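Structure first, then comments.
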There are 2 protein chains.
Amino acid sequence: MGITPPRSRYQQVAEHLRRAITAGEYRPGQALPSESQLAQQFGLNRTTINKAIRQLVAEGLVVVEHGRGSYVREQRPVIHISADYVTRGADGWPTWTSELAREGLSGSQRIREVSVIDPPTEIAGRLGLEDGEQVVVRRRLLLIEDEPVQLADSYYPARIAADTELARRAKMRGGENGALERLGIQLGFVDEEVSARMPTPDEAGLLKIPQGTPVLRHVRVTYDRDGRPVAVMAAVMAADRFTMRYRLPTSTGGGEQE
Amino acid sequence: MGITPPRSRYQQVAEHLRRAITAGEYRPGQALPSESQLAQQFGLNRTTINKAIRQLVAEGLVVVEHGRGSYVREQRPVIHISADYVTRGADGWPTWTSELAREGLSGSQRIREVSVIDPPTEIAGRLGLEDGEQVVVRRRLLLIEDEPVQLADSYYPARIAADTELARRAKMRGGENGALERLGIQLGFVDEEVSARMPTPDEAGLLKIPQGTPVLRHVRVTYDRDGRPVAVMAAVMAADRFTMRYRLPTSTGGGEQE
DNA sequence: GAGTGGTCTAGACCACGCC
DNA sequence: GCGTGGTCTAGACCACTCA
């Protein structure tokens with residue numbers, strides 16, 4: 001038993017298992033030995049083994065299922081979100097459903113809430129609202145193959161969205177961009193921000209996020225041709241299922257124009 | 001003591017503290033009561049309290065300092081990485097240093113390794129390499145105010161980069177894009193991917209990532225005018241310090257052309 | 001040296017999955 | 001009912017910080 005405390009015992013156990021997992025001795029989906037077995041094998045208390053397993057869970061390598069065992073975490077298929085949704089196709093604006101259909105997946109959405117509220121300060125700031133101005137909020141849950149995978153909240157200044165289809169609890173043809181255009185708004189550009197953090201307990205529950213998995217936060221501000229913000233979308237998704245993709249032109253000004 | 005087990009006691013303690021923190025009863029940087037104090041206050045064992053604290057650490061709300069105490073985590077200033085580095089300015093290509101200077105920060109880099117290697121399969125794939133083709137790799141550590149904040153590894157097909165400045169251990173004027181242009185390569189576009197995961201222990205150490213903080217992974221593939229990949233950059237950074245930013249034009253084809 | 005968190009043990013009971 | 005992980009306790013010793 002090479003288990004002695006230069007580093008703590010549970011860390012050594014974790015390292016041992018981590019090595020075995022990355023070396024492929026335990027394959028994804030496969031069960032690790034039970035905690036009691038490991039305790040016996042290493043001559044340690046089960047509490048110590050449990051702590052080692054917890055460590056691996058936090059690293060996203062292992063999931064534990066109560067009453068069943070601990071398993072090497074399986075990779076879930078990754079969805080690539082391309083920024084194409086800002087590019088209008090021949091048949092209109094891409095939507096969640098249409099984009100996923102291209103990958104052979106069935107996307108759907110559930111509208112959780114549509115209402116007029118006082119905006120969170122972050123949103124008010126991004127929309128450049130005056131004090132006291134309200135917003136229409138549309139809270140949606142996006143699903144793939146009927147599994148909830150993304151929370152997406154959109155905000156529109158009440159000034160332009162109240163009493164329009166944006167404020168009604170129904171899907172909108174061509175999505176947000178379609179609706180905005182029908183209001184006579186000429187779209188200019190979008191600013192996107194991508195960041196990551198750990199999920200709140202709420203998010204973890206709603207999106208069934210495995211332990212040790214962060215979320216990607218995706219915020220998009222849509223501007224009209226005059227550079228006025230007209231919409232903010234703030235989405236949260238499990239980071240083990242999504243990747244954001246952007247294609248950008250490289251302006252080699254120096255190579256040609258200059 | 002409203003501590004009874006509908007949910008586990010440690011979770012109730014965690015919830016209690018979480019609520020107090022988000023309500024501002026404990027401010028960022030402020031110490032929580034010691035574990036012994038909390039144990040006494042709730043009539044629980046210290047082990048149980050410790051588990052509650054661990055929970056909050058995993059959520060990124062709290063940091064613990066051995067021998068000192070547990071503290072509400074302070075927000076670190078967020079650096080926004082704009083995708084402007086693909087747009088050449090009047091004075092050449094933006095670099096890490098020049099971009100940060102615009103925000104009034106001093107950026108520097110340390111070149112950790114420059115060598116010719118067999119590429120990881122992911123890189124080989126993205127570069128479209130033949131079997132057995134090698135790459136030049138430049139591993140850099142990027143710093144802000146002399147603090148390591150980002151690991152950035154760049155890969156170039158040895159076919160085009162061997163025996164060039166890309167393969168030498170020195171900084172390159174105008175960064176990667178500058179060097180590629182000097183090789184006569186006409187840049188076309190880049191594909192970027194942003195994802196997130198938990199750090200490996202190595203990364204956590206090198207980047208001094210606080211417990212409970214994920215990393216953002218940023219992969220950029222640079223293509224020439226003919227759509228051939230000429231470079232891959234793969235970076236990892238603490239997600240509590242960085243946000244990726246993109247500005248994209250909204251092509252309202254329907255509004256005008258159709 | 002006092003106080004704090006880090007770890008560990010031995011033992012216990014509970015909750016869940018499954019046969 | 002058996003085996004699994006989930007939680008909890010009482011008590012102990014260690015390692016670190018700071019006065």
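Chain letters run A, B, ... following the sequence lines, proteins first and then strands; every chain starts at 1. Just so you know, these numbers come straight off a predicted model, no measurement behind them.
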| field | dC8(D) phosphate, OP1 or OP2, under 4.0 Å from Lys51(B) side-chain N/O | value | no

| Think Gln37(B) has a side-chain N or O under 4.0 angstrom from the OP1 or OP2 of dG3(C)? | no

| task | Report the residues that fulfil salt bridge (charged side-chain N to carboxylate O under 4.0 Å, His left out) with Glu65(A), sequence neighbours left out, ordered by chain and then residue number. | result | Arg68(A)

| query | Does a nitrogen or oxygen in the side chain of Arg54(B) sit under 4.0 Å from OP1 or OP2 of dG5(C)? | reply | no

| request: Determine: side-chain N/O of Ser8(B) to OP1/OP2 of dT7(D), distance under 4.0 Å, yes or no. | output: yes

| task | Report, as yes or no, whether the 6.0 Å neighbourhood of atom CD on Glu145(B) holds more than 12 heavy atoms from other residues, nucleotides or ligands. | result | yes

| Residues that Glu203(A) engages under side chain to side chain contact (heavy atoms under 4.5 Å, CB included), provided they are two or more places apart | Leu151(A), Arg197(A), Pro199(A), Thr200(A), Val215(A), Val236(A)

| task | Please check if atom CZ in Arg19(A) has more than 12 non-hydrogen atoms from other residues, nucleotides or ligands closer than 6.0 Å. | result | no

| said: Using a 4.0 Å heavy-atom cut-off to protein, can you give one letter per nucleotide of nucleotides 11-19 of chain C, 5' to 3': B if the base is in contact, S if only the sugar-phosphate is, - if neither? | reply: BB--BBSS-

| request: Let me know the distance between OH of Tyr10(A) and P of dG5(C), rounded to the nearest Å. | output: 16 Å

| note | Of dG6(D), dG5(C), dT7(D), the nucleotide closest to the side chain of Glu35(B) is dG5(C)

| note | Whole-Å distance, Gln11(A) CD to dA15(D) C1', equals 13 Å

| So, for His218(A) and Phe242(A), is the gap between ring centers shorter than 6.0 Å? | no

| said: From CD1 of Ile49(A) over to C1' of dG6(D), roughly how many Å is that when rounded to an integer? | reply: 16 Å

| query | Given dT9(C), is OP1 or OP2 found less than 4.0 Å from the side-chain N or O atoms of Thr48(A)? | reply | yes

| Can you tell me if the side-chain N/O atoms of Ser34(A) get under 4.0 Å from OP1 or OP2 in dT4(D)? | yes

| OP1 or OP2 of dG6(C) less than 4.0 angstrom from a side-chain nitrogen or oxygen of Asn50(B), does that happen here? | yes

